[in-house]
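A quick write-up on the structure given underneath.
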Amino acid sequence: MFARWKPAAINTRPLEWSRAAIGMALGTLFSVWLCAQVFGMPVALHLIGPLGASAVLLFAVSSGALAQPWSILGGYLCAAVMALAVAHVLGRTLGSACLAAGMALVLMCWLRCLHPPAGALALTLVLADPASVALDWYELGPVMLAAASLLLSALAYNNLTRTRYPKGPSEAPALLPATAASDSLAITAQDLKLALAEMEEFFDVTPEDLEQLIHASEAHARRRSIGQVLASRR
């Protein structure tokens with residue numbers, strides 16, 4: 001059982017860690033600064049926790065399904081609406097905050113915009129500081145401004161540092177030789193979608209990413225096999 005706790009290897013280089021760290025710092029700083037200019041520093045600082053968590057996704061794992069534009073915008077909107085509605089009906093208590101987070105999760109799943117930091121956002125909006133409470137439903141303004149500014153920062157920084165973002169579902173997978181492409185048993189994105197649906201679990205990866213990974217693995221295996229055959233003939 002304890003062997004399962006062993007951390008998985010990170011398949012990225014320290015240079016990529018540094019790139020993501022700088023982007024996270026700059027993106028979060030810009031988002032909080034812009035929000036503070038419009039709504040005041042107390043309101044902006046109250047959102048810094050969820051924004052920091054979102055920044056990890058948008059800059060460090062930007063290819064993941066949970067880090068795409070609709071995930072952060074839709075997730076923040078779902079969390080804010082649920083949190084403010086629950087606060088109005090049940091008051092601002094710990095129990096209502098947890099209920100708002102759970103309801104936000106259901107709404108995000110339904111609208112296909114699951115974004116984990118939005119759960120923290122729902123909690124913080126119910127248990128808000130006096131400056132945020134005074135905004136009432138106008139709290140949607142700083143929430144969406146912060147989300148949009150962080151997203152714009154990720155769009156600019158990731159692409160300027162040669163990391164394609166957002167990850168589009170229509171991107172073509174790695175090309176294979178014609179013989180492999182015509183194989184009726186080749187795995188496609190549709191096959192992977194069906195397999196993911198059967199597993200009925202959350203996976204932060206798109207079927208297209210899996211298809212590209214499988215095709216690349218097949219190409220490497222094919223090269224290794226050819227290399228072994230050539231080596232045996234020497």
Side-chain angles (χ1 to χ4, degrees), residues 1-2 4-5 7 20-21 24-25 27-62 64-151 153-154 200-204:
M1 181 184 68
F2 292 106
R4 301 175 185 173
W5 294 15
M24 176 183 174
T28 307
L29 178 63
F30 173 71
S31 182
V32 173
W33 173 83
L34 182 60
C35 190
Q37 299 303 306
V38 180
F39 297 98
M41 186 59 74
V43 174
L45 290 179
H46 191 68
L47 301 175
I48 197 169
L51 286 173
S54 295
V56 173
L57 292 175
L58 267 64
F59 292 96
V61 285
S62 59
L66 305 181
Q68 301 311 300
W70 172 235
S71 293
I72 181 172
L73 294 178
Y76 271 49
L77 181 60
C78 291
V81 170
M82 281 298 179
L84 294 173
V86 169
H88 271 270
V89 176
L90 301 177
R92 297 180 181 274
T93 65
L94 178 59
S96 61
C98 295
L99 176 62
M103 293 174 65
L105 172 62
V106 173
L107 185 58
M108 285 187 287
C109 291
W110 183 54
L111 295 178
R112 297 188 294 179
C113 56
L114 186 62
H115 189 66
L121 177 66
L123 293 169
T124 59
L125 290 183
V126 175
L127 304 175
D129 65 301
S132 298
V133 172
L135 290 174
D136 198 30
W137 282 101
Y138 290 105
E139 178 72 7
L140 287 171
V143 167
M144 298 313 297
L145 176 62
S149 57
L150 184 63
L151 174 59
S153 300
E200 297 183 346
E201 295 181 27
F202 290 113
F203 291 94
D204 188 18

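This one's a predicted model, so the numbers in the text were calculated from it and none came from an experiment.
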I need the L150 CG to F59 CZ distance, nearest 0.5 Å.
5.5 Å
Would you say the side-chain atoms of Q68 pair up with the backbone N or O of L58, donor to acceptor, closer than 3.5 Å?
no
Does some side-chain heavy atom of F39 sit less than 4.5 Å from a side-chain heavy atom of V143?
no
At their closest point, which heavy atom of S96 faces which heavy atom of V86, and how far apart are they?
O-CG1, 3.4 Å
Which value, rounded to the nearest 0.5 Å, describes the distance between L77 atom CG and L121 atom CG?
10.0 Å
Determine, stepwise, if the pair C78 / W110 fulfils side-chain contact (heavy atoms from CB on, under 4.5 Å).
CA-CA 10 Å; C78 291; W110 183 54; over 6 Å; no
Would you find a donor on one side and an acceptor on the other, under 3.5 Å apart, between the side chain of R92 and the backbone of A97?
no
Looking only at atom types and distance, does a side-chain atom of S54 sit under 3.5 Å from a main-chain N or O of P117, one as donor and one as acceptor?
no
Rounded distance [0.5 Å steps], CD1 in I48 versus SG in C35
10.5 Å
What one should report as the nearest heavy-atom pair of A20 and A60 is CB-CA, 3.8 Å
Do L47 and E139 have side-chain heavy atoms sitting under 4.5 Å apart?
yes
Parallel, tilted or perpendicular: rings of H115 and Y76 (30°, 60°)
tilted
Test side chain to side chain contact (heavy atoms under 4.5 Å, CB included), reference L99, set L90, V89, V126, output is L90
Given V32 and L45, is the side-chain contact (heavy atoms from CB on, under 4.5 Å) satisfied, shown in steps?
CA-CA 7 Å; V32 173; L45 290 179; 4.3 Å; yes
Looking only at side-chain N and O atoms, does T124 offer a donor or acceptor that is under 3.5 Å from a partner on H46?
no
For A104 against A79, the heavy-atom pair lying closest together:
CB-CA, 3.8 Å
Is a side-chain donor or acceptor of S71 paired with a backbone partner of A65 at a separation under 3.5 angstrom?
yes
Identify the two heavy atoms, one from S153 and one from F30, that lie closest to each other, and give their separation to 0.1 Å.
OG-CD2, 3.2 Å
Between OG on residue S132 and CG on residue L125, distance to nearest 0.5 Å
7.5 Å
What are the two closest non-hydrogen atoms of S31 and S149, and how far apart are they?
OG-OG, 3.0 Å
Kindly determine whether L114 and L105 satisfy side-chain contact (heavy atoms from CB on, under 4.5 Å), including the steps that lead there.
CA-CA 7 Å; L114 186 62; L105 172 62; 3.3 Å; yes
Nearest 0.5 Å, what's the CG-CD1 distance between L66 and I72?
11.5 Å
